[in-house]
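Notes to accompany the following structure.
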Amino acid sequence: MTATSPHSPLTPPHTTPPHTAPATAAAAPAPPAPAGAPPAESVPDREAPASALPASGGAAVTAGDPAALHTPVIAWFETNARDLPWRRPDAGAWGVMVSEFMLQQTPVSRVLPVYEQWLARWPRPADLAAEAPGEAVRAWGRLGYPRRALRLHGAAQAITERYDGDVPREHAQLLSLPGIGEYTAAAVASFAYGQRHAVLDTNVRRVFARAVTGVQYPPNATTAAERKLARALLPEDPGTAARWAASSMELGALVCTAKNEGCARCPIAARCAWRLAGKPAHEGPARRGQTYAGTDRQVRGRLLAVLRDAPGPVAQAVLDTVWNEPVQRARALDGLVADGLVEPLDNGLYRLPQG
DNA sequence: TACACGTGGAG
DNA sequence: TCTCCAAGTGT
């Protein structure tokens with residue numbers, strides 16, 4: 001049965017080549033949105049257009065003409081978009097949602113194999129909801145941030161109970177699900193249902209910071225000004241808005257990256273405010289580097305790795321071997337239990353949560 | 001608002 | 001080797 005949604009606004013009705021490309025996935029053709037595209041009814045995010053944009057002086061800014069940005073970026077996307085499984089027409093809303101959970105802070109290349117296995121095992125929300133949460137944590141493997149697995153499982157249960165097994169279409173409904181915040185709600189509504197939403201992820205924020213605002217990097221946390229700018233740049237037509245969201249995101253992921261600026265390959269290099277300004281270096285304090293070695297996170301990771309790889313309950317003595325500092329070790333284990341990622345049994349054994 | 005939360009590849 | 005960072009969320 002059809003799992004969930006209609007065709008994605010991001011992919012052509014064409015069938016993908018049998019020998020689909022792997023992680024590195026070269027460019028795959030992504031023709032214009034199909035005519036009788038997605039439903040797309042709701043039109044939130046309405047806001048005054050150009051008003052939010054910085055005053056334009058020369059050719060740089062896109063003030064009164066956001067289309068000057070939309071057209072070349074979307075055209076670039078048609079030719080350079082990666083052929084990713086969650087962008088295929090048959091992915092459905094559930095596929096889109098699963099991919100968004102997995103992609104939170106995790107590279108595409110590492111998500112691909114886990115995504116495929118996940119969807120094969122749990123093709124619908126109800127399938128996952130019927131499993132013990134520990135199975136979700138186990139299948140999550142080494143993607144990192146395993147709480148996401150727990151939340152995805154919780155979201156699947158909520159969808160099964162409250163929405164009759166179908167991924168909800170409304171932004172507010174999506175937002176009410178565990179693990180779904182502002183970004184993911186907008187992404188699912190836009191990518192899966194073709195709605196008009198400002199989809200502000202780290203890629204889009206960087207592209208806007210450079211191309212429109214003229215600075216190398218966006219602020220650490222998303223600001224009201226960024227949201228306003230994103231809404232102002234949103235195309236009126238829902239289908240085009242969804243296309244724009246995917247296109248601007250892909251541009252940030254493939255060309256306008258954090259470490260490199262592929263201006264030579266950029267479709268809007270000619271009007272990029274940052275480039276036109278001579279690419280001034282980032283001002284202000286350097287972003288805080290996240291040290292990992294020796295942190296509770298590392299200990300938690302080791303403890304959970306043991307539980308994931310064990311078929312059943314594990315004795316405390318075994319867990320004790322992963323870290324020699326007892327106080328930190330105990331704190332990490334307690335944290336995992338408090339988070340619901342680990343279930344303590346009454347006989348000194350621990351296991352992944354059963355329900 | 002700032003910080004906790006995993007993991008591994010790239011430069 | 002070591003720093004940076006990858007489609008964020010929750011508190």
Side-chain angles (χ1 to χ4, degrees), chain A residues 10 23-24 81-82 84-87 91 95-115 137 140-152 154-155 174-192 197-207 216-224 226 230 242 245-254 256-260 282 285-308 322 328 331-332 334-336 338-341:
Chain A
L10 312 180
T24 51
R82 290 167 292 181
L84 301 170
W86 44 86
R87 286 181 179 162
V96 170
M97 183 175 143
V98 169
S99 76
E100 290 302 336
F101 269 77
M102 294 183 171
L103 289 165
Q104 290 169 6
Q105 302 287 281
T106 304
V108 167
S109 61
R110 285 175 39 213
V111 166
L112 285 169
V114 181
Y115 171 86
V137 173
W140 197 254
R142 306 189 68 80
L143 284 184
Y145 291 144
R147 292 192 293 194
R148 290 180 292 164
L150 224 42
R151 290 172 182 153
L152 179 51
L174 288 163
L175 203 52
S176 76
L177 299 172
I180 292 189
E182 172 124 19
Y183 160 76
T184 303
V188 173
S190 180
F191 302 155
H197 289 281
V199 182
L200 260 191
D201 79 318
T202 189
N203 291 307
V204 174
R205 294 178 62 218
R206 186 174 53 251
V207 169
Q216 185 174 22
Y217 297 120
N220 280 318
T222 305
T223 64
E226 286 182 277
S247 303
S248 52
M249 199 177 302
E250 190 77 338
L251 184 63
L254 299 182
C256 193
T257 65
K259 292 190 174 183
N260 304 294
H282 177 68
R287 357 273 275 273
R288 40 184 320 96
Q290 40 180 170
T291 51
Y292 178 66
T295 63
D296 285 7
R297 283 158 74 183
Q298 182 180 27
V299 184
R300 288 166 55 107
R302 289 194 183 182
L303 289 169
L304 207 54
V306 172
L307 276 306
R308 267 199 318 263
V322 309
Q328 186 178 26
R331 185 174 63 230
D334 286 348
L336 288 171
D339 289 346
L341 283 164

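Within every chain, numbering begins at 1; the chains are lettered A, B, ... in the order of the sequence lines, protein sequences first and strands thereafter.
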[X] [atom1] to [N] [atom2], straight-line distance once rounded to whole Å:
X       : N      : atom1 : atom2 : answer
L112(A) : dG9(B) : CG    : P     : 14 Å
R331(A) : dC5(B) : CZ    : P     : 9 Å
R205(A) : dC5(C) : CZ    : P     : 13 Å

Report task. Name the nucleic acid region contacted by L143(A), choosing base, sugar-phosphate or nothing; use a 4.0 angstrom heavy-atom cut-off, strictly under. Result ->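 Base contact.
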Report task. Salt-bridge test for E250(A) and R87(A): reply yes if a basic N is under 4.0 Å from a carboxylate O, no otherwise. Result ->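 Yes, charged N to carboxylate O under 4.0 Å.
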Query raised in the report: Considering heavy-atom distances to DNA chain B, does N260(A) or G141(A) have its closest nucleotide positioned more toward the 5' end?
Result: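 On the 5' side of the pair lies G141(A).
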Query raised in the report: On DNA chain B, nearest-nucleotide positions of A221(A) versus T295(A): which is more 5'?
Result: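 Going by which nucleotide is closer to the 5' end, it is A221(A).
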Requested in this report: Using the test side-chain contact (heavy atoms from CB on, under 4.5 Å), find all partners of V299(A) that sit at least two apart in sequence or belong to another chain.
Outcome: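 Scan of V299(A) (side-chain contact (heavy atoms from CB on, under 4.5 Å), adjacent residues dropped) gives L303(A), W323(A), Q328(A), A332(A).
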Consider the side chain of [X], meaning its heavy atoms from C-beta on, and name the nucleotide among [options] that approaches it most closely.
X       : options                 : answer
D201(A) : dG8(C), dG6(B), dG10(C) : dG8(C)
Y183(A) : dC5(C), dT7(B), dG8(C)  : dG8(C)
T202(A) : dA6(C), dC5(B), dT9(C)  : dA6(C)
R151(A) : dT7(B), dG10(C), dG8(C) : dG10(C)

When you measure from the side-chain N and O atoms of [X] to the phosphate of [N], is any distance below 4.0 Å, counting only OP1 and OP2?
X       : N      : answer
R147(A) : dT9(C) : no
Y292(A) : dT7(B) : yes
R110(A) : dA6(C) : no

Query raised in the report: Ignoring hydrogens and angles, are the base of dG8(B) and the side chain of T106(A) linked by a donor-acceptor pair under 3.5 Å?
Result: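 Absent.
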Query raised in the report: Between the base of dT7(B) and the side chain of R297(A), is there a donor-acceptor distance below 3.5 Å?
Result: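 In this structure, the two groups form no donor-acceptor pair.
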